[in-house]
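As structure tokens, the structure follows; a few thoughts come after it.
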Amino acid sequence: MEYDYKKIESEVQARWEKEKTFRAIDFDKRKKYFALMEFPGPTAKGVHMGNVRSYIPADINARYHRLLGENVLYPIGYDAFGLPTENFALKEKIHPAIATENNIKNFSHQFSRLGLSFDWDRVVSTTDADYYKWTQFIFLKLFEKGLAYKDYAFVNYCPNCQVVLSNEDCQGGKCDRCGQDVEQKQRNVWFLKITEYAEKMLKLIDEADYSESVKMAQRNWIGKSEGALIDFKLKQADEKFKIFTTRPDTIFGVTFMVLAPENPIIDKYKDKISNFDEVLKYREEIKSITMFERREMQANKEKTGVKLNGLSCVNPLTNEEVPIFIADYVVMGYGTGAIMAVPAHDDRDKEFAIKFGVEIKEVYKEVDGKEVAVNSDFINGLAINEAKEAVIKFVEEKGIGQRKINYKMQEWAFNRQRYWGEPFPIIECSNCGFVPLDLKDLPLTLPDMENIKPSADGDSPLCKCHEWVNVKCPKCGCDAKRETDTMPQWAGSSWYWLRYIDPKNDNALADMDKLKYWGAVDLYTGGSEHVTRHMIYAQFWNLFLYDLGLVPERVPFKKRICCGLLLDSDGKKMSKSKGNSLDPLTVLETYSADTLRMHLAFMGDYEKAVVWSDAGMAGCERFLDKVWKLQEILQDDMQISNNHEVDLNVLIKNTRFMYDNFSHNTVVSELMKFINVIYKDNYITKGELKSFLIILNPIAPHISSYLFNKIYGEKIEDVLFPEYDSTKLERSVINIPIQINGKLKRNIDIDKGISEEDLMAKVKAETNLLDGKEIKKVIFVKDKILNIIVA
RNA sequence: GCCAGAGUGGUGGAAUGGCAGACGCGACGGACUCAAAAUCCGUUGAAGGCAACUUCGUGUGGGUUCAAGUCCCACCUCUGGCACCA
């Protein structure tokens with residue numbers, strides 16, 4: 001009988017669906033295993049090969065853990081709010097809710113076709129009111145604890161599309177949709193005080209089982225630096241301004257100050273600045289460069305700036321007059337937007353000083369082989385760390401400064417002026433300010449609108465829905481308006497794994513007992529691009545919920561591994577936006593899902609980037625064909641034959657270890673090696689095939705499931721991974737290498753466990769390797785190697 | 001510039017300090033076939049030799065070791081992340 005994979009795969013998939021084979025059971029006595037995969041944003045273009053490259057190994061791992069007898073929670077959901085769907089809906093003139101529904105249906109269908117073993121009873125979508133009710137709930141909690149507030153800030157605005165864009169939607173300073181240069185526009189926006197959790201997150205990162213590069217990326221993103229704030233007085237006015245420095249000890253080497261060009265203190269004293277026209281001109285110059293270009297150019301750009309004539313300040317420790325410059329290498333968004341410049345000990349300051357001819361004053365010199373401070377009053381003779389402490393102590397005592405920790409991470413700008421997102425459960429009242437909705441009034445659902453196009457001034461389309469916007473203030477009863485911005489796409493994804501644990505709960509985001517049972521995610525798989533933003537946000541929300549006692553785990557993800565990119569033949573990332581992606585379903589026209597799965601597993605390391613090629617697909621197809629044809633050489637015997645005993649035990653031992661280590665490519669090669677042995681002997685017993693099919697199952701679940709059921713009348717999903725017999729891992733006769741002076745000369749067969757003396761005798765008797773040689777030393781590792789050192 | 005990871009045949013890639021190149025792809029030769037596809041068998045790191053064999057070989061240069069792709073030092077290249085963050 002031919003192997004009709006299309007028929008078999010759909011048959012097996014239908015059974016999985018009907019029997020709900022992969023359901024996770026709450027409170028089951030077995031060991032739990034929570035395998036989380038980053039959920040996709042469903043798009044009209046469907047799943048692409050880049051996703052599949054990541055999903056298949058995650059699925060293989062989930063299936064393997066089921067075979068270990070664990071109660072596996074392997075869920076799927078959809079991160080369906082956001083611009084891609086909304087833009088598609090605008091273009092096709094359909095409602096985003098309809099588009100979302102279609103996309104989700106399509107994605108689910110494709111996932112089934114690939115044989116992904118999700119628990120379909122736990123599907124969540126961030127766009128369901130039942131789900132975003134709890135996203136709104138978490139926001140209200142943040143608001144209640146003072147961690148959500150509204151403030152003015154610059155946002156990215158595309159003048160052509162007339163929309164506010166997220167940073168991700170305008171990378172390189174160009175609008176993703178139309179390519180237009182993005183402008184910076186000031187708006188009143190919501191912020192979440194994520195920096196309040198910076199320290200807790202840094203501690204969490206230390207504890208989690210992430211790779212060093214993941215930890216580094218996260219720490220880098222948070223960007224902690226320790227130093228001090230120090231007050232500098234203006235000479236021409238009774239006004240102080242603060243600077244942040246990590247090197248307060250170098251204050252004796254300050255020869256100028258630099259303010260960010262936008263620093264408001266400049267405008268406050270513009271009368272005193274005789275060259276204020278130059279300031280304005282400089283501001284214009286740098287304004288034409290977008291934030292993004294500015295960032296890109298930063299590293300190699302030559303320093304620019306303007307000296308403020310008529311305005312200077314006083315070094316609080318030396319009382320010397322210090323000139324003030326403005327320059328774009330100091331940014332308004334970090335620290336205080338002002339620095340003290342110490343050209344002798346900072347490369348950037350030095351570069352600037354040389355270009356503008358400012359004095360350079362050394363603070364540290366090498367004295368007797370030690371770097372110590374000189375010309376610096378009370379810190380003379382001290383090393384850097386002692387000097388830092390001494391200066392901080394001094395400024396704190398004098399009341400002119402204090403110790404300060406700064407973070408690169410900014411507060412989380414938490415809103416979009418778009419329709420397709422979670423509405424804020426907030427009402428703005430002219431008497432009462434921001435009034436939160438009552439929990440019992442959640443969810444606040446999105447109004448059904450015909451026209452969801454954003455308005456010309458960048459306001460949210462919800463502004464136009466007057467019957468929804470205009471409400472009475474819940475506190476004072478007078479006319480008030482709802483918040484019309486919506487939450488960013490990152491909101492729904494910042495807690496979604498928790499909802500999988502209890503997806504239908506109407507009284508809590510999830511039941512505490514269930515949360516305790518499933519605990520932290522055991523393995524979180526996904527792309528490295530989400531290690532910073534998404535995972536930082538998720539860790540933040542989880543810590544916040546933990547502090548409120550709403551979730552039991554401080555560390556949400558025990559372990560994280562990142563999938564390498566899938567590249568096209570030019571080495572470029574395969575992505576839908578680049579148009580070089582591949583639809584996995586077209587591959588399924590020619591090859592079976594098992595073949596595709598096996599090929600992806602065989603391609604290489606999960607964490608490494610791989611170039612897509614279907615060249616290897618034929619090998620996997622041949623292998624599966626051989627698996628099918630095992631039926632023709634099957635012996636009706638449940639025993640393991642002597643011939644195959646060692647091979648089978650080695651197979652079990654090796655593949656178990658390899659599955660544990662996510663090394664799926666070597667599992668495939670072990671299976672191939674074994675089947676080669678089988679075809680050499682031209683028979684396989686039923687006992688042998690049983691183990692073989694189970695080991696194959698995570699990678700090629702359809703064919704293994706079908707054959708298993710057909711041959712043994714059992715379901716492969718009900719059995720356990722085979723155990724190996726550790727006494728049967730080696731044959732009684734083994735082949736070992738004989739080296740002379742560390743160089744391989746012969747391979748000879750020996751009885752297992754042979755002694756050094758017997759082996760030496762054998763070598764002397766059977767070879768001429770030692771004829772006429774003087775033996776200096778013998779290195780013998782039992783059953784492994786014999787190395788003879790001769791003169 | 002800083003941080004992390006990686007450099008192995010024509011190719012994807014294997015190797016708890018112990019036979020480098022497993023397994024697959026491709027290529028070449030053969031069987032089957034009128035022929036082709038599919039399938040099966042064999043060869044396949046380089047150089048030398050009729051051969052048994054010999055020499056070289058894991059980015060480069062040193063080192064440790066009986067033994068190094070693997071450990072140590074220095075360097076080169078590539079990939080990813082961060083980057084005028086004070």
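Keep in mind it's a predicted model, so treat the numbers as computed, not measured. Quick note on labels: first sequence line is chain A, next is B, and so on, each numbered from 1.
- Minimum atom distance to the side chain of A:T246 is reached by B:rA86, of the listed B:rA15, B:rC19, B:rA86.
- Of the listed nucleotides (B:rG18, B:rC23, B:rA86), B:rG18 has the atom at the smallest distance from the side chain of A:Q739.
- Side-chain atoms of A:V781 lie closest to B:rG18 of the nucleotides B:rA4, B:rC3, B:rG18.
- Among the nucleotides B:rA67, B:rA86, B:rC19, the one closest to any side-chain atom of A:P737 is B:rC19.
- Residues that satisfy the ring-ring contact (aromatic ring centres under 6.0 Å, His included) test with A:Y64, not counting sequence neighbours, are A:Y659, A:F721.
- Considering only the side chain of A:T666, B:rA14 comes nearest among B:rA14, B:rC40, B:rU55.
- With sequence neighbours excluded, the residues satisfying side chain to side chain contact (heavy atoms under 4.5 Å, CB included) with A:E621 are A:Y591, A:T595.
- Counting non-hydrogen atoms of other residues, nucleotides and ligands closer than 6.0 Å to CD of A:E207 gives a total above 12.
- No side-chain donor from either of A:Y724 and A:N654 sits under 3.5 Å from a side-chain acceptor of the other.
- Here A:K743 reaches the OP1 or OP2 of B:rC56: one of its side-chain N or O atoms lies under 4.0 Å away.
- Scored by the salt bridge (charged side-chain N to carboxylate O under 4.0 Å, His left out) test, A:E632 finds no partners at all (sequence neighbours excluded).
- On the P atoms, B:rU11 is 12 Å away from B:rA46, given to the nearest whole Å.
- At the phosphate of B:rC23, neither OP1 nor OP2 sits under 4.0 Å from any side-chain N or O atom of A:K673.
- The shortest distance between the side-chain N/O atoms of A:N654 and the OP1/OP2 oxygens of B:rA22 is not below 4.0 Å.
- The side chain of A:R622 places no N or O atom within less than 4.0 Å of a non-bridging phosphate oxygen (OP1 or OP2) of B:rC40.
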Would you tabulate the pairs of protein nitrogen or oxygen atoms and nucleotide nitrogen or oxygen atoms of nucleotides 8-10 of chain B closer than 3.5 angstrom?
none

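- Residue A:I339 places its side chain closer to B:rA86 than to any other of B:rC66, B:rA86, B:rC19.
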For nucleotides 27-33 of chain B, list the nitrogen or oxygen atoms of the protein found under 3.5 Å from its nitrogen or oxygen atoms, one pair per line.
none

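- Of the candidates B:rG81, B:rC82, B:rC23, the closest approach to any side-chain atom of A:K408 belongs to B:rC82.
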Using distance only, find each side-chain donor-acceptor pair of residues 603-613 of chain A under 3.5 Å and give its atom names and separation, not counting sequence neighbours.
{"residue": "A:D605", "atom": "OD1", "partner": "A:E607", "partner atom": "N", "Å": "3.0"}
{"residue": "A:Y606", "atom": "OH", "partner": "A:S54", "partner atom": "OG", "Å": "3.4"}
{"residue": "A:S613", "atom": "OG", "partner": "A:A615", "partner atom": "N", "Å": "3.0"}

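- Under the side chain to side chain contact (heavy atoms under 4.5 Å, CB included) criterion, A:F325 pairs with A:F256, A:K307, A:P323, A:F352, A:F356, A:V358, not counting sequence neighbours.
- Stem analysis of RNA chain B (Watson-Crick or G-U pairs, both distances under 3.5 Å, runs of at least three) returns B:1-7 with B:76-82, B:10-12 with B:23-25, B:26-31 with B:39-44, B:45-48 with B:53-56, B:59-63 with B:71-75.
- Side-chain to base pairing of A:N787 with B:rC66: one donor and one acceptor N or O lie within less than 3.5 Å of each other.
- Partners of A:R219 by salt bridge (charged side-chain N to carboxylate O under 4.0 Å, His left out), not counting sequence neighbours, listed by chain and number: A:D206, A:E212.
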With 3.5 Å as the limit, what N/O pairs link the protein to nucleotides 11-13 of chain B?
{"residue": "B:rG12", "atom": "O2'", "partner": "A:M603", "partner atom": "O", "Å": "2.9"}
{"residue": "B:rG13", "atom": "O3'", "partner": "A:N665", "partner atom": "ND2", "Å": "3.3"}

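- Evaluation of the side chain to side chain donor-acceptor pair (under 3.5 Å) rule for A:K762 yields A:E766 as partners, not counting sequence neighbours.
- Relative to the ring axis of A:Y210, A:R560 does not place its NZ or CZ within 45° and under 6.0 Å from the centre.
- Formation of a donor-acceptor pair under 3.5 Å by the A:R283 side chain with backbone atoms of A:P261 is found in this model.
- Between B:rC25 and B:rU33, the two C1' atoms lie 26 Å apart (nearest whole Å).
- One distance of note links CD1 of A:I633 with CG of A:N682; it measures 5.0 Å at 0.5 Å rounding.
- Take A:Y537 and apply the side chain to side chain donor-acceptor pair (under 3.5 Å) test, not counting sequence neighbours, and it matches no residue.
- For the C1' atoms, the distance linking B:rC75 with B:rA22 amounts to 32 Å, nearest Å.
- In B:rG5 the base sits anti relative to the sugar, since the glycosidic angle is further than 90° from 0.
- Here the side chain of A:K784 is nearest to one of B:rA86, B:rC66, B:rU16, namely B:rU16.
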